[in-house]
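As the structure is a computational prediction, the values presented were derived from the model and not from experiment. Letters go in sequence order (proteins before strands), and every chain restarts at 1. Computation of the quantities below employed the complete heavy-atom set of this structure, encompassing side-chain atoms and omitting hydrogens, waters and symmetry-equivalent molecules.
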Amino acid sequence: MAQMNMIEAIRSALDIVMEKDPNVVIMGEDVGYFGGVFRCTDGLQRKYGEHRVIDAPIAEGGIIGATIGMGLNGLRPVAEIQFADYIYPGFDQVVSELARIRYRSAGEFFSPVTIRTPCGGGIRGGQTHSQSPEAIFTHISGIRVVMPSNPYDAKGLLISAIESDDPVVFFEPKRIYNGPFDGDPEKPAVSWASHPKGEVPRGYYTVPLGSADVVEEGSELTIITYGTLVHVAQAAAALVGVNAEIIDVRSLSPLDTTTLTESVKKTGRCLIAHEATRFSGFGAELVATVQEECFFHLEAPIERVAGWDTPYPHAFEWQYFPGQKRLAAGIRKVMEAQ
Amino acid sequence: MAQMNMIEAIRSALDIVMEKDPNVVIMGEDVGYFGGVFRCTDGLQRKYGEHRVIDAPIAEGGIIGATIGMGLNGLRPVAEIQFADYIYPGFDQVVSELARIRYRSAGEFFSPVTIRTPCGGGIRGGQTHSQSPEAIFTHISGIRVVMPSNPYDAKGLLISAIESDDPVVFFEPKRIYNGPFDGDPEKPAVSWASHPKGEVPRGYYTVPLGSADVVEEGSELTIITYGTLVHVAQAAAALVGVNAEIIDVRSLSPLDTTTLTESVKKTGRCLIAHEATRFSGFGAELVATVQEECFFHLEAPIERVAGWDTPYPHAFEWQYFPGQKRLAAGIRKVMEAQ
Amino acid sequence: MSTKSRLHIPHPSARPGDKPDFSYLNLAPAGSADKPSIDAKPRDIEHLSMNLVRVLDDEHRAQGEWNPNLDPEKLQVGLRWMLLTRVFDERLWQIQRQGKISFYMESKGEEAVSIAQGMALRAGDMCFPSYRNTGLYLYRGTKLVDMMNQCLSNTKDMCKGRQLPVLYHNKEANLFSLSGNLGTQYPHAVGWAMASAIKGEDHIAASWLGDGSTAEADFHHALTFAAVYQAPVILNIVNNQWAISTFQGFAGGERRPFAARGIGLGIPGIRVDGNDFLAVYSATLWAADRARRGGGPTVIEHVTYRGGAHSTSDDPSKYRPKDEWASFPLGDPIERLKKHLIAEGHWSDEQHIEVIEEYRVKVGAAWKEAQKFGTMTDGPFLDPAGMFDDIYAEIPEHLVKQRQQMLELES
Amino acid sequence: MSTKSRLHIPHPSARPGDKPDFSYLNLAPAGSADKPSIDAKPRDIEHLSMNLVRVLDDEHRAQGEWNPNLDPEKLQVGLRWMLLTRVFDERLWQIQRQGKISFYMESKGEEAVSIAQGMALRAGDMCFPSYRNTGLYLYRGTKLVDMMNQCLSNTKDMCKGRQLPVLYHNKEANLFSLSGNLGTQYPHAVGWAMASAIKGEDHIAASWLGDGSTAEADFHHALTFAAVYQAPVILNIVNNQWAISTFQGFAGGERRPFAARGIGLGIPGIRVDGNDFLAVYSATLWAADRARRGGGPTVIEHVTYRGGAHSTSDDPSKYRPKDEWASFPLGDPIERLKKHLIAEGHWSDEQHIEVIEEYRVKVGAAWKEAQKFGTMTDGPFLDPAGMFDDIYAEIPEHLVKQRQQMLELES
Ligand SMILES: Cc1ncc(C[n+]2csc(CCOP(=O)(O)OP(=O)(O)O)c2C)c(N)n1
Ligand SMILES: Cc1ncc(C[n+]2csc(CCOP(=O)(O)OP(=O)(O)O)c2C)c(N)n1
Ligand SMILES: [Mg+2]
Ligand SMILES: [Mg+2]
């Protein structure tokens with residue numbers, strides 16, 4: 001076991017998979033010599049060579065398109081998109097190609113590309129370095145969508161993603177790269193060293209795709225969330241003093257419906273939280289799924305707490321971000337409703 | 001008044017707006033000399049000239065990017081994307097630019113582009129000529145998303161869209177271009193001539209953006225839907241013999257929540273239907289919104305009937321398409337639940 | 001608004017009712033283009049992108065440095081495959097018109113591109129074709145009946161009913177799956193070729209797209225990545241003058257040949273008479289050798305003409321002269337190779353008619369066979385349960401559930 | 001997997017610790033490039049994209065046909081604006097280092113591009129800049145304090161707190177709103193120019209992006225549309241050799257200058273010494289005149305060097321030699337214009353120092369002023385309620401509700 005922050009855990013996952021499988025290659029902007037603007041690939045080019053850790057032209061569509069081609073030729077590519085905000089120029093290659101190749105060729109062809117990309121606020125990056133576009137990708141059948149909330153899961157899920165023959169879009173919440181964040185902007189940052197999931201095995205292990213994690217067991221309320229908000233939810237539940245069952249979705253699509261609905265059937269109340277904008281966010285699907293399965297167990301409407309339906313404004317990160325206060329208000333609302 | 005099918009109604013809207021406002025220009029693949037692959041711009045280049053009805057290179061991103069620039073220079077562009085399936089190469093320009101220009105420039109700049117695009121199945125077009133990607137666009141704040149279900153609305157909404165200073169993505173369900181379709185593939189096609197909303201004023205009128213339409217009043221169940229499925233819903237309700245209130249959402253974003261929730265509060269039961277794939281489809285947002293507002297009025301879980309979470313397969317249009325049978329089954333399920 | 005617009009709008013040289021006019025094509029005489037060595041610097045061979053590589057002259061003789069000097073037998077093979085492609089296309093078109101398949105796209109007039117290139121490439125080279133490369137699927141061994149099964153979406157359909165007719169694939173034959181989206185296969189070819197280079201293999205990749213599709217982003221991405229990493233790839237632009245109703249000028253073809261699109265990135269371009277089997281073969285071999293020996297990518301523009309409608313949904317008489325193809329100065333690739341072989345004494349009109357007849361029978365037989373596996377109206381039908389397969393490597397729970405629901409509704 | 005990869009990987013000529021080496025730049029002597037008439041055919045002036053337009057020679061004298069023969073007063077104006085830009089950048093960089101603004105990007109070493117081009121364009125011409133065109137915002141009259149207010153996201157911020165520092169706009173001055181997304185402004189410029197042509201106006205548009213950004217799809221779309229419709233637009237590529245940590249070879253700059261990127265579409269390209277104020281001015285005027293008279297688009301590549309870090313988040317010592325800029329053969333645009341003016345007897349070292357001092361004071365005063373309107377830590381603060389405005393022309397119901405919720409939570 002070692003102490004790792006999420007960046008180190010991701011780097012370790014990449015290192016281990018590259019060591020194990022010579023077909024794994026990495027491609028992205030600034031990933032090679034420099035090691036990535038968030039340092040996730042630091043040292044990998046030195047170790048595995050320029051032909052396996054490849055600096056790319058600034059063309060997200062090209063990166064995804066070219067890695068698809070590599071995947072068709074037996075490689076197992078990991079594409080890095082520098083910021084999730086910049087994945088859109090590659091959107092067509094994801095939707096029309098990556099997600100569909102296996103289907104349209106009736107299983108003859110497939111390309112096991114994993115797309116890693118940092119998402120969410122946290123670096124005061126303004127509206128073009130803070131987006132969480134995961135919902136959009138969950139609407140596309142044929143790709144898996146993953147977002148870890150801690151170093152342990154990040155490494156285990158990333159290894160699974162790369163080894164999976166399905167294409168995966170792997171969102172990394174950059175706000176918690178260096179430490180868990182409980183949603184209170186006033187408090188100093190903590191580091192992963194103080195968190196049990198900052199303990200990460202040095203070697204190979206996997207966390208399976210498609211399974212949610214019950215982060216905290218509880219009886220009064222289920223909070224379904226993922227990414228940064230897992231930590232905020234824990235803090236908010238403590239703040240309100242409610243015995244909440246907190247579920248980290250982790251794999252957004254395909255979704256582990258069972259873990260979610262079993263919990264809600266037990267607690268009878270549900271809050272759903274994410275950082276992305278609310279309208280047609282992934283929370284909508286979570287609400288829809290839960291109410292379909294658990295309607296007769298629900299004692300209160302399912303509440304959504306999410307980013308506002310605005311871009312992420314530079315000056316108002318903290319007003320935009322669904323922090324402790326907002327989650328706490330949401331929890332109270334769910335608990336009080338009857 | 002005149003009898004128009006939806007294509008004629010769209011063409012009439014374009015004609016009227018171009019006549020009225022010399023700044024309106026049209027740009028798209030095959031829209032000019034040829035008049036569009038679905039004939040929506042037929043005759044307009046002859047009438048308004050090659051500099052106002054402009055054939056474009058095959059580059060959806062370029063069409064959207066260039067029309068944004070035209071809009072910034074005082075024109076009021078209407079971009080046609082030949083099939084909604086081909087809008088993805090222009091997705092970045094929609095999300096990162098069109099939707100954000102007004103916001104990031106604090107209202108100084110804006111570009112009032114309307115993007116028209118035919119969506120949905122109906123021409124046996126297989127997986128790349130049948131998609132309904134509207135949900136994805138509803139997650140983007142700053143753009144309006146519209147989908148009419150009949151010629152009258154199509155014309156009135158399109159005029160509103162073009163005259164709106166907000167960017168609009170205007171989806172045209174191609175299956176009902178020529179006539180309403182009740183979801184039974186065995187029956188011969190009908191024409192708009194037999195439908196009251198096929199009566200369309202020749203002149204200028206608008207249907208406001210942001211308002212849903214109660215297509216049929218009813219007391220036992222609310223069916224919320226849009227596009228082609230409005231007609232299927234009517235047929236399915238008749239088939240089951242339920243007194244359903246049928247709501248045509250028309251403007252998906254911003255959404256007319258009031259009309260939806262008032263109806264559900266009244267009926268206590270709700271079915272949501274669309275042609276797009278189910279998972280994270282727009283139905284999810286509709287469910288989430290309705291259950292948030294109407295939870296204590298609901299007597300049964302809100303049911304979603306939608307396309308399966310698969311691409312739209314060429315051979316299985318009718319198995320994929322949520323037709324009368326599937327809606328009827330959904331209605332029965334909602335009515336029987338207690 | 002002022003009325004004096006200064007916007008340039010490209011115009012085709014002729015519209016319906018006008019006399020066809022191909023004077024805009026800058027045609028060089030056969031044999032006039034020089035053939036550089038395969039290690040020539042891109043900078044030194046830029047003229048090849050402006051010139052026109054032609055081998056067959058007006059007397060149907062092979063001329064100049066680009067003459068590949070192919071055995072007559074090999075040429076006969078080429079001619080036969082082109083004929084089979086034409087016959088196949090004609091029959092399938094007819095079948096669509098009879099309402100037996102939902103859609104069709106033919107490659108009439110462009111057969112040389114698929115067959116000559118198919119013959120110039122090696123079996124291990126990977127192809128990323130466009131929907132107008134029917135000949136390539138045939139030449140590389142896709143059975144007639146399998147192609148028809150695909151168009152029928154029947155029980156033997158290689159695509160299991162998921163794709164529009166003509167969107168074939170053939171994994172064994174290194175033919176990628178066709179997409180309905182224009183140009184998306186171009187960066188795949190580059191990535192595939194990069195992987196080949198990474199692995200130190202000498203397979204190359206080739207891709208094809210139309211003049212109109214060069215405007216798409218993927219075209220730019222492919223060229224950029226190919227140039228940066230010197231990927232061993234041939235990037236073919238099949239300039240058949242039209243993109244549905246729009247003339248190639250709308251893709252920026254008015255001022256420079258498409259072959260020149262890569263020269264700003266240092267990618268050599270060869271403009272070739274796309275209806276000249278020998279020229280296409282020769283240019284392809286040159287580019288393939290170059291790529292295989294580490295010389296990087298080549299753009300090849302094939303100057304040809306879309307002899308038919310864009311697809312069965314199209315009516316070209318609405319936007320171009322009916323007789324335009326007949327006036328196309330580069331003619332018909334089949335006629336030209338036929339006349340060459342006849343001129344050289346290796347073919348005859350009788351043989352030609354015989355082969356066509358033979359192929360008609362063969363195609364007819366295949367059609368009979370294909371129908372046994374089901375048509376749009378008559379069974380056997382594909383099991384719709386299959387529509388839930390192959391979305392993921394393994395079917396996930398929610399799709400199992402949806403499949404169940406679907407089957408219950410259908411029963 | 002075989003170990004012998006044949007993939008080409010571009011390499012910068014020097015990495016940290018190496019001796020800087022710019023021998024890869026193909027530099028022509030000042031005055032050697034010919035200046036064609038503005039109605040020259042693209043085909044006849046292709047060499048301009050390979051050559052290098054330079055006016056200032058090593059003795060700081062203006063040479064050759066491209067000498068714009070500007071009045072010394074005008075050159076002094078240019079020098080002053082470049083100095084102001086540099087002083088402004090230095091101060092704001094410092095301010096960021098002190099933690100008073102969240103982020104900053106400077107344009108050190110590239111000031112000639114913004115100022116010379118700003119001066120060569122007309123006020124009615126519309127600019128679609130990149131984040132490294134700070135000088136353009138200044139030259140066109142954006143007040144120092146307004147720029148600072150933007151960087152502070154304070155109560156007078158033109159962007160109402162919504163944008164990252166340096167993502168300015170200035171509607172009155174025809175300066176478009178900067179985007180964080182690379183290259184997206186390029187097709188806007190083309191569309192704007194098309195609209196100008198449609199309306200029969202003679203305003204032109206200009207846009208700027210970096211060498212790295214040429215790989216993006218929008219670059220291709222812009223060039224294609226500009227070529228097809230002959231839009232009156234200047235498409236500037238500011239080749240500062242680096243894109244964050246990647247050398248321009250990763251954008252395909254190893255084999256051909258970026259100026260050549262449009263020649264395959266028939267767009268003339270001019271490669272210009274981007275640190276030579278006179279050359280930049282002159283090339284811009286030529287392209288602007290050409291566009292204004294209906295000659296269509298021009299690509300201008302400015303060969304320059306990113307004198308500073310990519311941004312305040314970057315540390316270039318990790319990937320390039322520390323002293324690379326000092327060895328850049330085209331020097332520093334400010335030094336070069338200064339020496340030219342001194343050589344011509346229209347400037348002095350004393351004046352230079354004086355102006356710098358004057359600007360430091362001016363910038364310092366503006367900074368004092370700006371802080372009054374709020375900083376990251378000290379009020380007054382922008383009302384967060386404003387974050388819900390300007391998403392739509394009118395605020396819709398759901399945002400009114402969310403605003404309400406936010407205000408309740410904040411109170
Ligand atoms: C991304 C995308 N946009 C638009 C279309 C619709 N479309 C299909 S074929 C075609 C014309 C293509 O012309 P070209 O590239 O010249 O190929 P050709 O048909 O002439 O072989 C168009 C616009 C599409 N299939 N994909
Ligand atoms: C679409 C997109 N992809 C990636 C980025 C991240 N990014 C910001 S600046 C930059 C480098 C740009 O280099 P270049 O175009 O040469 O401009 P320069 O910074 O040198 O002026 C990158 C990769 C971005 N902002 N937008
Ligand atoms: Mg074509
Ligand atoms: Mg740069």
Side-chain angles (χ1 to χ4, degrees), chain B residues 21-23 29-37 45 49-52 54-63 74-75 82-83 85-86 88-90 92 123-130 277-279 305-320 322-323 325-326 328-329, chain C residues 1 3 5-7 9-12 15 102-103 152-154 157 159-165 167 179-184 210 212-219 243-247 250-252 313-314 318-319 376 381-382 384-388 391 396 398-399 402-403 405-406 408-410:
Chain B
D21 181 355
N23 289 313
E29 296 158 17
D30 303 292
V31 299
Y33 187 89
F34 187 56
V37 297
Q45 185 180 79
E50 291 182 317
H51 302 96
R52 290 187 63 199
I54 308 170
D55 278 313
I58 304 174
E60 293 73 14
I63 291 170
L75 300 186
Q82 203 163 78
F83 286 88
D85 314 65
Y86 304 139
Y88 308 122
D92 186 49
I123 57 162
R124 254 195 111 103
Q127 48 132 358
T128 58
H129 298 85
S130 309
T277 51
R278 173 189 173 97
F279 198 78
V305 177
W308 307 120
D309 289 319
T310 70
Y312 217 121
H314 177 254
F316 305 120
E317 280 225 356
W318 298 119
Q319 284 84 1
Y320 176 91
K325 265 199 209 168
R326 216 142 99 209
Chain C
M1 203 166 87
T3 47
S5 168
R6 298 184 307 148
L7 197 74
I9 303 285
H11 284 126
R15 286 293 195 186
S102 62
F103 176 80
L152 282 161
S153 281
N154 71 13
D157 171 14
C159 303
K160 294 196 190 154
R162 294 169 191 159
Q163 289 252 67
L164 214 54
L167 301 185
S179 177
N181 304 65
L182 295 172
T184 45
S213 304
T214 59
E216 289 285 9
D218 286 318
F219 177 77
I244 309 185
S245 76
T246 54
F247 164 65
F250 279 99
S313 313
D314 179 44
K318 287 226 169 89
Y319 52 80
M376 290 212 299
F381 295 110
L382 262 175
M387 71 184 269
F388 296 93
I391 295 173
H398 72 288
L399 291 178
Q402 292 186 9
R403 181 172 61 190
Q405 283 173 23
M406 191 272 289
E408 276 163 21
L409 278 162
E410 289 296 308

Discussion item. Pair B:Asp30, C:Ser245 - check side chain to side chain donor-acceptor pair (under 3.5 Å), show working.
Written reply: CA-CA 6 Å; B:Asp30 303 292; C:Ser245 76; 2.6 Å; yes
Worksheet entry | Which atoms of C:Ala217 approach chain B - backbone, side chain, both or neither, heavy atom under 4.5 Å | neither
Worksheet item: Would you say the side-chain atoms of B:Tyr86 pair up with the backbone N or O of C:Gly180, donor to acceptor, closer than 3.5 Å?
Response: yes
Item to complete: Identify which part of C:Ile9 has an atom lying under 4.5 Å from any heavy atom of chain B, answering side chain, backbone, both or neither.
Response: side chain
Worksheet item: C:Gln405 versus B:Arg326: any side-chain heavy-atom pair under 4.5 Å?
Response: no
Practice prompt. Could you check which of B:Ala59, B:Gly61, B:Pro89 has the highest count of heavy-atom pairs closer than 4.5 Å to chain C?
Written response: B:Ala59
Item to complete: Go through C:Pro165, C:Ser213, C:Ala251 and name the one with the most non-hydrogen pairs under 4.5 angstrom from chain B.
Response: C:Pro165
Fill in: Per-residue contact mode, C:Leu182 against chain B (heavy atom under 4.5 angstrom)
side chain
Item to complete: Please look at B:Tyr88 and chain C and tell me whether the side chain, the backbone, both or neither of the residue comes under 4.5 angstrom of a heavy atom of that chain.
Response: neither
Fill in: Proximal component of C:Phe103, with respect to chain B [non-hydrogen, under 4.5 Å]
neither
Worksheet item: Taking C-beta and beyond as the side chain, do C:Ile244 and B:Gln82 meet within less than 4.5 Å on heavy atoms?
Response: yes
Practice prompt. Could you tell me which portion of C:Leu382 (side chain, backbone, both or neither) has an atom closer than 4.5 angstrom to a non-hydrogen atom of chain B?
Written response: both
Discussion item. Tell me every residue that passes side chain to side chain donor-acceptor pair (under 3.5 Å) with B:Gln127, counting only those two or more places apart in sequence or in another chain.
Written reply: A:Arg100, C:Gln163
Practice prompt. Give the C-alpha distance, both sets of side-chain angles, the deciding distance and a yes or no for ring-ring contact (aromatic ring centres under 6.0 Å, His included) between C:Tyr319 and B:Phe34.
Written response: CA-CA 6 Å; C:Tyr319 52 80; B:Phe34 187 56; 5.4 Å; yes
Worksheet entry | chain B contact via C:Asn154 - which portion, at a heavy-atom distance below 4.5 Å | neither
Worksheet item: Which of the residues C:Arg403, C:Lys160, C:Met376, C:Glu408 is involved in the greatest number of heavy-atom pairs with chain B at under 4.5 angstrom?
Response: C:Met376
Fill in: Test ring-ring contact (aromatic ring centres under 6.0 Å, His included) applied to C:Phe381 - qualifying residues, sequence neighbours left out
none
Fill in: Choice from B:Arg278, B:Glu50, B:Lys325 maximising heavy atom contacts with chain C below 4.5 Å
B:Glu50
Discussion item. Less than 4.5 Å apart, side chain to side chain, heavy atoms only: is that true for C:Glu216 and B:Pro57?
Written reply: no
Discussion item. Can you give me the closest heavy-atom contact between C:Pro384 and B:Gln319, atom names plus distance?
Written reply: CB-CG, 3.7 Å
Practice prompt. Over all heavy atoms of both residues, which pair between B:Ile58 and C:Ala243 is shortest? Give the atoms and the distance, please.
Written response: CD1-CB, 3.7 Å
Worksheet item: What part of B:Glu317 lies closer than 4.5 angstrom to a heavy atom of chain C: side chain, backbone, both or neither?
Response: neither
